Undergrad: 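First, the structure itself, so that you have it in front of you.
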Amino acid sequence: MRVVLVVVLALGMVASERPLECRQERHRPQIHFSVPSNWLNDPNGMVYYDGEYHLHYQYHPYSTQWGPMHWGHAVSTDLVTWTDLPISLYPDELGMIFSGSAVVDLDNSTGLQKDSVQPIVAIFTHANAGPQQQSIAYSLNKARDFVKYENNPVVPNPGVGDFRDPKVIRYNDKWVMVLAVGNKVDFFGSSDLKTWEFLSDFGIDPSQGSHAGVWECPDLVRIQHNGFYHWVLLVSINPGGPNGGSVTQYFIGSFDGKEFHSNQMDALWMDWGEDNYAAVSFSNEPKGRTLVMGWMNNWAYANELPTRSEGFNGQMTLPRELNLATVDGALRLISSLPEEFGKLRDPSQVFQLPLLKEIPPNGFYNVSEEIGFKSGLVEVDLAFNMVGIEGTSSIAICFVNRQRQEVCTGYDHERPVDKELFMNRELSGDLRAIGGLRRATAGRVKKDNIITFKIVMDLSAAEVFIDNGLTVFTALFFPDEPLDTLEIRHHAGSAESRVTLINGSVQGLRSMYNC
Ligand code: FRU
């Protein structure tokens, strides 16, 4: 009986939704969501409902380059394996479907609920040669089909060029929309998602944060820290990234349902790598976490990625949990992997490294040789004691292949304090697309002697979380074969320089695909 039931369920799934068929193109990400074919940019309409996380995305179904935007769609029950679903929103007479969000109308504020089925409402930008304006569509079958609202647009354009990317959140019994307008954001309020009134704006002061590019894809999230709630405004900006191109900045402040205030003047970056843009959060997250995903790419070169010759162009970061930490009295955003990521860990590939291992000055430690394990799909955790590091010394954690192509991240003692941490893809293989954006650097936020790295390696991307996620680097790369060997190097400016790996582990990861 049980066998029959399992077979019926499996067949039912195959018939309606494509499960994880094997994908083995050379640079196909194995642990990151990527577009099955053609083009993807921003994550859109991220919402949890009835056991499923929905990931919509900016999608051009007919080319590996940007074009008339649709909303592609995938779902996941576990945040690590994804099932592709048919396109959710097609362009229409009001224009292309640009970025936006989705919410579950739990209280039937729209009056669209049917029986006990709560509507999922998508709020997105209609973009044409003409003005950008905000529209809605709703689904009464778990986002499998959307119906566009007959009175679109719900927020018409007031006469400005850049007016897009609505992110809607619930605040008490009201809806609040945060919208990118030029290089500031506007807030709008609504009780039914259909009629909206302007509430306030933020970002007028050009000396607050970065205004080096156009503001896009904002989000407003509430994060608890030490018993207090803080509001964090995420704003993607293109260009203007600290290491070139597009990037996501954040402001920590307060929100009263109408206005957002922040005393923060400096630009703070969610990620210092070149490849994390348009990150926004899942709505209705069942555990109340702030879970975000970003587009793992950069407008500086997105249209030319080498994976175009493999038929696809576009992938997302891993889902990340955002929290706050206090460092030297200042609040900072920290990023970590959600517990669901553990599902990708292969229990038969766990390697503990020797404790208190000296990395010899001007030498290196071949970790893969020592543990007898090579793979381009790994999660590596390392903690170093740098109390004895001297002069122009550095620690480089490098992933290398037989052709000596490599990607390295690490700490550079000689550099100015705002450039000590690095992510280097100078020798990573095909560099044609990424051009000059090869080496990203960041200042270290924490200043003590123990530095930690968590590095998640996929076949064409790495995510690096330094000092428990205080500094993050996300980078794409395109080697000729997987970077499957791990080396830890200590370039020493003086023979007395000491670097000790105090603790380390290598965890093999499983692909999300059934190959
Ligand atoms: C950000 C963005 C959004 C826009 C979308 C168009 O990457 O430019 O502002 O809605 O992409 O695809």
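All of these numbers come straight from a predicted model, not from anything done at the bench. Order of appearance sets the numbers: ligands from 1, and atoms from 1 within every ligand. The residues of the chain are indexed from 1 along the displayed sequence. When reading the values below, keep in mind they use all heavy atoms of this one structure, side chains included, and skip hydrogens, waters and symmetry mates.
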Undergrad: By the definition side chain to side chain contact (heavy atoms under 4.5 Å, CB included), identify the one residue from Leu324, Leu220, Leu331, Leu322 that meets it with Val232.
TA: Leu324

Undergrad: Taking the ring centre of each residue, are Tyr57 and Trp82 less than 6.0 Å apart?
TA: no

Undergrad: Once you restrict both partners to nitrogen or oxygen, which atoms of ligand 1 have a protein partner under 3.5 Å, and how far apart are they?
TA:
from     : atom 1 : to     : atom 2 : distance (Å)
ligand 1 : 7 (O)  : Asp42  : OD1    : 2.7
ligand 1 : 7 (O)  : Asp42  : OD2    : 3.2
ligand 1 : 7 (O)  : Trp299 : NE1    : 2.8
ligand 1 : 8 (O)  : Glu216 : OE1    : 3.4
ligand 1 : 8 (O)  : Glu216 : OE2    : 2.9
ligand 1 : 9 (O)  : Arg164 : NE     : 2.7
ligand 1 : 9 (O)  : Asp165 : OD1    : 3.4
ligand 1 : 9 (O)  : Asp165 : OD2    : 2.6
ligand 1 : 9 (O)  : Glu216 : OE2    : 3.1
ligand 1 : 10 (O) : Ser99  : N      : 3.1
ligand 1 : 10 (O) : Asp165 : OD1    : 2.6
ligand 1 : 11 (O) : Asn41  : ND2    : 3.2
ligand 1 : 11 (O) : Asp42  : OD2    : 3.1
ligand 1 : 12 (O) : Asn41  : ND2    : 3.1
ligand 1 : 12 (O) : Gln58  : OE1    : 2.7
ligand 1 : 12 (O) : Trp66  : NE1    : 2.9

Undergrad: Taking the ring centre of each residue, are Trp71 and His56 less than 6.0 Å apart?
TA: yes

Undergrad: Taking it one step at a time, do Phe202 and Ser262 satisfy side chain to side chain contact (heavy atoms under 4.5 Å, CB included)?
TA: CA-CA 9 Å; Phe202 174 81; Ser262 173; 4.2 Å; yes

Undergrad: Return yes when atom CG of Asn151 has more than 12 non-hydrogen atoms of other residues, nucleotides or ligands closer than 6.0 Å, and no otherwise.
TA: yes

Undergrad: Per the side chain to side chain contact (heavy atoms under 4.5 Å, CB included) rule, which among Gln133, Glu216, His126 passes with Arg164?
TA: Glu216

